[in-house]
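Keep in mind that what you see is a predicted model, and the values were worked out from it rather than measured.
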Amino acid sequence: FVDTMEGLEEATLAMLKEPVLGWDSEYSHGNNVFCTTSLIQIAEDEDVMRDDGIKGSWLIDGEWLKKAQKSLKVNALFEEVTQSKSIVHVFKGAGGDTYVLRYTYPRIPALLQYRQMVDLDVMSKSICFRHLISLSLFVYMFWGCPLDKSQQCTDLSLIHISEPTRHLRI
């Protein structure tokens, strides 16, 4: 769980070693008409088990990042990842996730564009699907097995997480 500059530095170093990163955001409307990002999830190789028990992913506390976005170092760390020539960034419906990231973190220009990005929704249209298909179906099509949703409900008691984010995840 990333909620410190040191944690973001550690996550950045690990992400830079990965060929593919899957991005997802959890949104919160709060008192606003517009959504803001409450949690950023970045997944990597499924075989990697981290010390905190989360398999191959980072959870970035959106509330912490809102405060930390004033730091030039935060943008520099994200820029290393988003502009890497060796990483492909995968989104399911990138228009939604990237739009909300831009709105929530206007002081992190590195989250505005990605050097190499795949949008699974655009890909589904390009291979002649009539409708957008679910991430579960994509996983089944490309890996021949259903999406394992047994890990989608993380035991938040094992991770230091802010109360607003904990409420969102439950």
Hydrophobic clusters here meaning ILVMFWY residues chained together by side-chain heavy-atom distances under 4.5 Å, can you tell me if V81 and L72 are in one? no
For V74 and A68, work out which heavy atoms get closest and say how close. CG2-O, 3.3 Å
Any side-chain heavy-atom pair from N75 and P109 closer than 4.5 angstrom? yes
Decide yes or no for H89 and I42: does some side-chain heavy atom of the first lie under 4.5 Å from some side-chain heavy atom of the second? no
Kindly give the heavy-atom pair with the smallest separation between L16 and S84, and that separation in Å. CD2-CB, 4.5 Å
Non-hydrogen side-chain atoms of L21 and W23 separated by less than 4.5 Å: yes
Measure the spacing between CG of D3 and CG of L59 and express it to the nearest 0.5 Å. 10.5 Å
Between Q69 and R107, is there a donor-acceptor pair closer than 3.5 Å when you use the side chain of the first and the backbone of the second? yes
Can you tell me how far the CE atom of M117 sits from the OG1 atom of T98, to the nearest 0.5 Å? 5.5 Å
List for me each residue that meets ring pair (Phe, Tyr, Trp, His ring centres under 6.0 Å) alongside W64, sequence neighbours excluded, and say none if there are none. none
Would you compute the distance between atom CG of D61 and atom OG1 of T4 and round it to the nearest 0.5 angstrom? 10.5 Å
Give me the atom names and distance for the closest heavy-atom approach of K85 to Q116. O-NE2, 2.6 Å
Those residues at least two apart in sequence (or on a different chain) that pass side chain to side chain donor-acceptor pair (under 3.5 Å) with K73 are E9
Shortest non-hydrogen contact between V2 and A11, atoms and distance: CG2-CB, 4.1 Å
Value rounded to 0.5 Å, distance of CG in L65 from CD1 in I108: 4.0 Å
Sole residue of L112, I60, T12 in side chain to side chain contact (heavy atoms under 4.5 Å, CB included) with F78: I60
Is it possible for you to say whether L120 and I127 belong to one hydrophobic cluster, with membership spreading through side-chain heavy-atom contacts below 4.5 Å? yes
Linking I/L/V/M/F/W/Y whenever any side-chain heavy atoms sit under 4.5 Å apart, do V118 and V20 land together? yes
Which value, rounded to the nearest 0.5 Å, describes the distance between T82 atom OG1 and Q113 atom CD? 7.5 Å
Could you tell me how the ring of F91 sits relative to the ring of Y114: parallel (under 30°), tilted (30 to 60°) or perpendicular (over 60°)? perpendicular
Linked, directly or transitively: M5 and M15 (ILVMFWY side chains, under 4.5 Å): yes
For the hydrophobic clusters of this structure (ILVMFWY residues joined by side-chain heavy atoms under 4.5 Å, transitively), does one cluster hold both L8 and L13? no
Please round to the nearest 0.5 Å and tell me the distance separating atom CG of D24 and atom CG of D97. 5.5 Å
